[in-house]
Amino acid sequence: MADYNHRETEQKWQRFWEKNQTYRTETNSQLPKYYALDMFPYPSGAGLHVGHPLGYIASDIVSRYKRLKGYNVLHPMGFDSFGLPAEQYAIQTGQHPAVTTEANLTRYIEQLKNIGFSYDWSREVRTSDPSYYKWTQWVFMELFRSWYNKDTDRAEPIETLTYKFATNGTTDVNAVCDEDVPAFTAAEWNVMSTDESYEITLKYRLTFLADAVVNWCAALGTVLANDEVKDGVSERGGYPVEQKKMRQWMMRITAYADRLLTGLDTIDWSESIKEQQRNWIGKSVGASVKFPLATNADEFIEVFTTRVDTIYGVTFMVLAPEHELVDSLTTPEQQQAVADYINAAKLRSERDRMADVKTVSGVFTGSYCLNPLNSEPVPIYLADYVLAGYGTGAVMAVPSGDQRDWNFAKHFDLPIIPISTGQKDIDKQADNTKEGQYINSGIINGMAYKEATQTLITWLEEKGLGKGKINFRLRDAVFSRQRYWGEPVPVYFKNDATGKPLPYLIDEKDLPLELPAVDKYLPTETGEPPLGRAEGWKYKEKYDYELSTMPGWAGSSWYWYRYMDPQNPDVFASRAAIDYWQDVDLYIGGTEHATGHLLYSRFWNKFLYDRGYVPQDEPFKKLINQGMIQGRSNFVYRLQFGLEVTEMRPGEVPIPIEAVQPYFVSRGIKDFYNNVDSPERREVLVNNPTVFKKITDDIIAANPGKKGVPFISYVTPLHVDVNIVENDELKPEVFRISRPDLTENAEFISEPDGRFLVGAEVEKMSKSKFNVVNPDDIVEKYGADVLRLYEMFLGPLEQAKPWNTNGIDGVYRFIRKFYRLFYKDSPETGNELIVTDETPTAAELKILHKTIKKAQDDIDAFSFNTSVSSFMICVNELATLKCSKRAILQDLVLLLSPYAPHITEELWAALGNEPGTVSKATYPVFNAKYLVEDAFEYPIQINGKVRTTISFAIDRAASEIEKEVLADEIVQKWLEGKAPKKVVVVPKRIVNVVI
RNA sequence: GCGGGCGUGGCGAAAUUGGUAGACGUGCCAGACUUAGGAUCUGGUGCCGCAAGGCAUGGGGGUUCGAGUCCCUCCGCCCGUACCA
C-alpha cells in the first residue's frame with residue numbers, strides 16, 4: 001500500500017515555507033505579542049546531534065500553538081559565532097576563524113531547516129557579524145559612559161556625576177566605584193586639568209581598567225572569567241589556570257548584586273537555577289570589625305564576619321597567605337617559617353588545595369592584635385583556608401563556634417572559649433548555635449542572639465571599630481580576552497601630561513570597529529594579544545589601540561533585542577520594536593548557563609533598563625531548562641589473552657600475550673569469559689575442541705618460545721558506533737566494514753541462537769564515544785515530524801534522559817495510522833481521500849474535545865510527552881470507530897500541527913484549505929459540553945461530619961429522578977470501594993452516610 | 001558539607017485539588033492475515049495464585065473513610081556547588 005511518504009512531503013513543505021516566507025513575522029501588528037526564544041547555539045564543527053533540537057522543538061511547538069491561539073509570535077534563531085574552538089582551529093591550520101565558522105553555520109542551518117522549525121530566518125543574527133557586534137561595542141561604550149548611583153539605585157550617564165563634582169565635589173556622591181577614589185571639593189574639581197578630572201571619572205565608570213588578580217590560562221593565552229573556570233582548570237580544554245595580577249577591562253556587575261538577587265523573585269525560573277544564581281552572588285549579612293595591632297593601635301586588621309555575636313570567643317586571627325599585611329606582621333623569629341609556608345601554599349595548585357580540605361595547615365606570624373571588645377591579645381596566623389579574594393582576606397577565628405577554626409585550634413593547641421549556654425560538647429566539635437544566652441562575653445552576657453548582634457554593631461560603630469556590612473561573593477567581571485576571535489574593544493590610549501596612557505572611546509561614527517586581518521592568530525613576540533599584529537587601524541599611527549577582545553558572553557548578553565529589529569543600522573533595535581516586543585515570554589535552554597550567560601544577560605538588561613533603552617527590568621520572564629539527552633553507547637567485548645606458566649606459583653601473574661587475531665564475544669556470554677577464577681571456564685577454554693582449540697592453537701603458534709597454558713584472561717569493552725547497532729544486535733559483517741582496523745581477521749563468538757549482542761551504557765553524547773546520533777539520519781529514516789514527536793514523547797522536557805530509539809517505531813506507526821484516517825489505498829489511483837462530510841456523533845465529538853482539552857492543558861504546562869500520548873489515544877479511538885469525518889479530522893489536524901507541521905500542512909491542504917495556511921488557522925475551541933453532559937458533586941457526610949465530596953458524571957439522557965437514583969447507587973458503590981473514577985462537579989445535595 | 005531534584009511494571013513513563021495506581025509507547029506471549037516481512041490487525045501482559053482472593057508506587061511510621069500524592073524518619077540515586085568566615 002502506498003504509505004505516507006515523509007521524504008517527499010516534508011521537503012515539499014519546507015520549500016514552500018521558505019519560498020513563501022510563511023513564518024515571516026511583522027512587528028507592526030494589532031495582535032498580542034508572544035516571544036519564544038531558544039538559547040542560540042555556538043556553531044561547532046561537530047554539527048547538531050539529536051540532543052540539541054530538544055529545546056528547539058519544545059519552543060517551536062509553543063510558538064506554533066500561540067500563533068493558532070491568535071498571538072503574533074516572535075520565534076527567531078541565530079548564532080553565537082565568536083568563540084574559542086574556531087580560533088584554536090585557526091592557530092593550528094592558519095585558516096581564518098570566519099571561514100571555519102561560516103562552514104559550520106551552513107551545516108547548522110541546513111540541519112535546523114531539516115527539522116521544520118517555524119523560525120523567521122530573515123531575523124537571523126550572528127554575533128561575529130560586524131553589523132551585529134557594532135552594537136555589542138556600543139553597549140560597552142554606554143557602560144563606559146555610565147556610573148552607578150547608589151542613591152537612585154541605578155546606572156546614570158557620567159554627566160550626572162561630573163555635574164555633582166562640579167557643584168558639590170564628592171560630598172553627596174554615593175557611587176559604586178574603585179576603592180581609592182580621592183575626596184575633593186567642587187572648587188578643586190573645577191580647577192583640575194581635563195586629564196586629571198577624566199582620570200578621576202575612570203574610577204567610577206561601569207567598565208573600567210583595573211589591576212586585578214585574574215584567572216590566567218597560559219595554554220589558551222588568555223584570562224578567563226570565574227564561570228569559565230571549573231575545578232581549577234579551564235572549562236574549555238581543561239588547561240591549568242593560575243592566579244595572576246594583570247591590567248584588565250572589568251565590568252561593575254557587583255553594582256547590580258542586590259538587584260540581581262531580588263529580581264529573581266519576580267521571574268518564573270526553575271528553583272534550581274535561581275538558587276545557583278543566589279549562591280553565585282553569595283550575599284552574606286554581617287559586620288566588618290577592626291582588630292587593632294598589639295604593637296601599634298593605629299593600625300588594624302579588618303575582618304568580615306557573619307557572626308559578630310561570637311566575637312568574645314575569638315582566640316586567634318587567620319590571614320590569607322596573600323594578605324598585604326603579612327610582611328609587616330611577621331616577626332624575625334618567624335620569618336623563615338612564614339616564608340616556607342607561603343612558598344608551599346603557592347606551589348599547591350588550586351586543585352590540590354580543594355582536594356584536601358581536611359588537612360589543617362598554617363603558620364604563626366609571631367604578632368598579635370587586640371580584640372576590640374576586651375583588648376585581649378589575639379595571635380595572628382596564616383592559613384590557606386582563608387581566601388584572599390573573599391571578604392577582607394582575614395577572619396576572626398572562633399573555635400567554639402566554627403568547625404574549621406575548631407580544627408585549627410586543636411591542631412595548634414589554641415584555647416577554645418565557650419560563649420553561649422546553647423553550645424553543646426564543644427570539646428568534641430564546634431557548635432554554631434544561635435540559641436541560648438551569651439557567657440564569657442562582656443557587654444552581651446546574658447543576651448540572646450538578635451539583641452547581642454545589635455548591641456555589638458552599635459558599640460563598634462560608636463567606637464569607629466566596625467560596622468554592619470553586607471558582603472557579596474560576586475566579583476566584578478573581567479572583560480578582556482587576549483584572543484583574536486571576538487569583538488575588538490573600541491578603545492584607544494592617549495598619554496596624559498605625565499606620559500601615563502589614558503583610555504578613550506573611539507568615535508561612535510567609527511563603529512563597528514572591525515576585526516583587522518592578522519598574519520597569525522598567536523600572541524606577538526612581545527607577548528601582546530594577536531591584535532598586536534594588525535596593521536593600519538585608523539587611530540593606530542597616533543595612539544595605541546586596545547588589543548584585547550571581548551569575552552564570549554558579550555555578544556550573547558543582549559542578542560534577544562537584536563531579533564526584534566535585526567537589520568537596523570542606526571540603533572540596536574528601534575524604540576517601536578522594543579516597545580512592541582518588550583521581553584522574552586519563554587526562554588528555553590540548558591542549565592549550563594546558570595551563572596554565565598543568564599547572569600550577564602540580566603546584568604546588561606538591567607543596565608539598558610536604567611539608561612532607558614529597554615522597558616523591562618528582567619529580560620526572560622519564564623525560563624525552561626531542557627534536560628540533556630545523553631548518548632547510549634554500545635560496546636563490543638574483545639577477549640584478552642594471557643599465558644599461564646605451567647607451574648605457576650600462588651600470586652604469580654599470567655604473562656599477557658597477543659592472539660594472532662582479535663576475538664569478540666557476544667554480551668550474553670562475556671561474563672563467562674570474564675570470570676578469571678572459574679575452573680569451568682578454563683576447562684572449556686583449554687579442552688573445548690569446537691571453539692577454543694583453534695584459539696589456543698593460534699595463541700601457541702603466535703607466541704613461540706613461551707611455555708604454558710594459554711587462556712582468556714578478561715574481556716575489554718570497546719566503543720562501537722551506535723549507528724551500526726540495532727536493538728543491541730551487531731552484524732559482524734557490518735562491523736568489519738565500519739572498523740577494518742579492529743576487525744582484520746577477527747572471529748566473533750555469538751550467542752547460542754546465533755546473534756551477536758553488544759553491551760550498552762548511558763554516557764554523554766560525544767564523538768569519541770561513537771554514540772552520536774545525527775538528527776539528519778532520523779529525519780531521513782522516519783521524518784522530521786516523527787523526530788519532533790518522538791523527542792517530545794521521550795519523557796518530561798526538563799529531565800535528562802538517554803537517547804534510545806526503542807519507541808520511535810510506535811510514533812512512526814502513529815503518524816501512518818493518522819494518515820490512514822484520511823486515505824485508503826486504491827489500486828487504481830494510489831491513495832484515495834476517504835474524508836466525508838457526515839455529521840459527527842456524540843462519541844466522536846467527545847474524543848475530539850477530550851483531546852483538545854488535553855492538548856491545551858499540556859502545552860500550557862509544558863508537558864509535551866503526555867499530549868503526544870493523548871494524540872495517539874485519539875487516533876486509535878477514531879480508527880476503531882472508523883471515523884473519517886471532516887469536522888473531526890480538520891480540528892485534529894490543527895491540534896497536531898504544532899508537533900508535526902509537515903504532515904498536517906499536507907492534510908490541511910487535502911481537506912480543501914488553502915495550501916500552506918495551517919499555521920495561520922485558528923485553534924479549535926474546546927467545549928466542555930461534549931465531554932460531560934451533566935456533572936454532579938455530592939458532599940458526603942460521614943457520621944454527621946462533611947468529609948469530602950464525590951464527583952461523577954451522569955449521562956444527559958437520564959431524567960432528574962434517574963440521576964438521583966444513579967447518584968445513590970454510585971455513592972453506595974463508592975462506599976463499597978467500587979465507585980467509578982471521574983469527574984467534574986456542582987454541589988447539589990448532601991448524602992448522609994452513617995458508618 | 002550545603003543547595004536543588006528524584007525514587008512507580010522488563011524498559012521510557014502516566015496519574016488536575018488526596019478518590020478504581022500503571023494511561024500511552026515499547027518489549028514479551030498468543031492469535032488473524034499473508035506475496036513469509038523488522039508490514040498490518042486482534043487479544044493478553046504489575047507480582048503471587050488453578051481460582052476466589054491477596055500483595056504492590058525505595059524502607060519504616062503517622063494523618064485520613066481513603067495516600068504514589070500530605071507529615072515524620074531512614075535508605076538510595078542524579079544535578080549543582082564547595083575551606084565564603
Side-chain angles (χ1 to χ4, degrees), chain A residues 1 3 230-231 270-276 278-280 282-284 286 303-308 310 318 320 353-354 356-360 383-387 389-398 401-405 407-408 432 471-474 591-592 594-595 625 627-628 726-727 729 789-790 793-796 798-811 813-814 816-817 820 853-854 857 861 863 865-876 879-880 940-943 945 947-952 973-984 993 995:
Chain A
M1 125 161 217
D3 251 335
K230 293 261 148 76
D231 299 330
S270 76
E271 206 43 52
S272 108
I273 292 264
K274 287 193 195 179
E275 203 53 34
Q276 279 183 55
R278 284 190 195 109
N279 292 340
W280 188 260
K283 179 178 183 171
S284 32
V303 300
F304 174 76
T305 176
T306 51
R307 291 296 301 273
V308 69
T310 63
V318 191
R353 199 166 137 160
M354 286 192 278
D356 78 330
V357 294
K358 298 257 146 54
T359 319
V360 177
D384 64 5
Y385 82 81
V386 176
L387 305 175
Y390 184 77
T392 59
V395 301
M396 56 175 231
V398 183
D402 182 285
Q403 192 57 46
R404 285 158 319 174
D405 297 345
N407 294 345
F408 196 89
N432 63 5
N471 203 38
F472 289 94
R473 199 191 85 117
L474 184 72
T591 42
E592 65 272 20
T595 53
N625 302 113
M628 196 182 13
E726 234 176 283
N727 290 326
E729 187 180 349
L789 283 161
Y790 186 60
F793 184 67
L794 217 45
E798 304 194 60
Q799 186 178 303
K801 51 209 166 250
W803 176 260
N804 75 77
T805 48
N806 285 348
I808 202 166
D809 287 318
V811 176
R813 231 168 264 154
F814 157 73
R816 282 178 295 174
K817 214 168 180 177
R820 279 199 302 276
K853 177 90 168 69
K854 184 86 177 114
D857 290 354
S863 49
N865 52 333
T866 52
S867 62
V868 176
S869 290
S870 74
F871 294 138
M872 289 178 174
I873 295 167
C874 180
V875 166
N876 280 340
T880 308
I940 304 294
Q941 286 195 3
I942 294 171
N943 296 338
K945 185 178 157 197
R947 289 294 188 174
T948 182
T949 54
I950 177 172
S951 327
F952 49 88
K973 280 186 182 167
W974 172 77
L975 286 168
E976 291 162 11
K978 291 175 191 160
K981 198 175 175 181
K982 274 275 125 170
V983 183
V984 203
V993 181
I995 295 179

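Every chain is numbered from 1 and lettered A, B, ... according to where its sequence line falls, protein lines coming before strand lines. Values reported hereafter were calculated over all heavy atoms of this structure, with side chains retained and with hydrogens, waters and symmetry mates removed. What you are looking at is a predicted structure, and each value in this text was computed from that prediction instead of being measured.
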Counting Watson-Crick and G-U wobble pairs with both distances under 3.5 Å, what is the dot-bracket string for RNA chain B, 5' to 3', using [ ] for crossing pairs and | for pairs to another strand? (((((((..(((......[....)))((((((.......))))))(((....)))..(((((..]....))))))))))))....
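In this view, Glu271(A) and Arg278(A) satisfy the salt bridge (charged side-chain N to carboxylate O under 4.0 Å, His left out) rule, not counting sequence neighbours. Residues passing the side chain to side chain donor-acceptor pair (under 3.5 Å) test with Gln403(A), sequence neighbours excluded: Asn407(A). Considering only residues two or more places apart in sequence or on other chains, Phe871(A) meets the ring-ring contact (aromatic ring centres under 6.0 Å, His included) condition with Tyr899(A). Contacts of Phe304(A) classified as ring-ring contact (aromatic ring centres under 6.0 Å, His included), with partners at least two apart in sequence or in another chain: none. In this structure Asn279(A) satisfies the side chain to side chain donor-acceptor pair (under 3.5 Å) test with no other residue, sequence neighbours excluded. For Ser863(A), the side chain to side chain donor-acceptor pair (under 3.5 Å) partners two or more places apart in sequence, or in a different chain, are Asp858(A). The side chain to side chain donor-acceptor pair (under 3.5 Å) test applied to Asn432(A) returns no partner, not counting sequence neighbours. Remark: Phe408(A) engages Phe316(A), Tyr381(A), Tyr385(A), Phe412(A) in a ring-ring contact (aromatic ring centres under 6.0 Å, His included) (not counting sequence neighbours).
Contact annotation for Lys817(A): backbone-only contact, meaning every heavy-atom pair under 4.0 Å involves sugar-phosphate atoms and none involves a base. Contacts of Asp857(A) with the nucleic acid, taken as non-hydrogen atoms under 4.0 Å apart, are absent.
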I'd like a list of close polar pairs between nucleotides 78-81 of chain B and the protein, N/O only, cut-off under 3.5 Å.
| residue | atom | partner | partner atom | Å |
| --- | --- | --- | --- | --- |
| G80(B) | O2' | Gln276(A) | OE1 | 3.4 |

Find every protein N or O atom lying less than 3.5 Å from an N or O atom of nucleotides 31-36 of chain B, and list the pairs.
none

Give me, pair by pair, the N or O atoms of the protein and of nucleotides 6-12 of chain B that are less than 3.5 Å apart, along with how far apart they are.
| residue | atom | partner | partner atom | Å |
| --- | --- | --- | --- | --- |
| G12(B) | O2' | Leu794(A) | O | 2.6 |

Between Phe793(A) and Ile808(A), does the side chain to side chain contact (heavy atoms under 4.5 Å, CB included) criterion hold? Intermediate values first, please. CA-CA 9 Å; Phe793(A) 184 67; Ile808(A) 202 166; over 6 Å; no
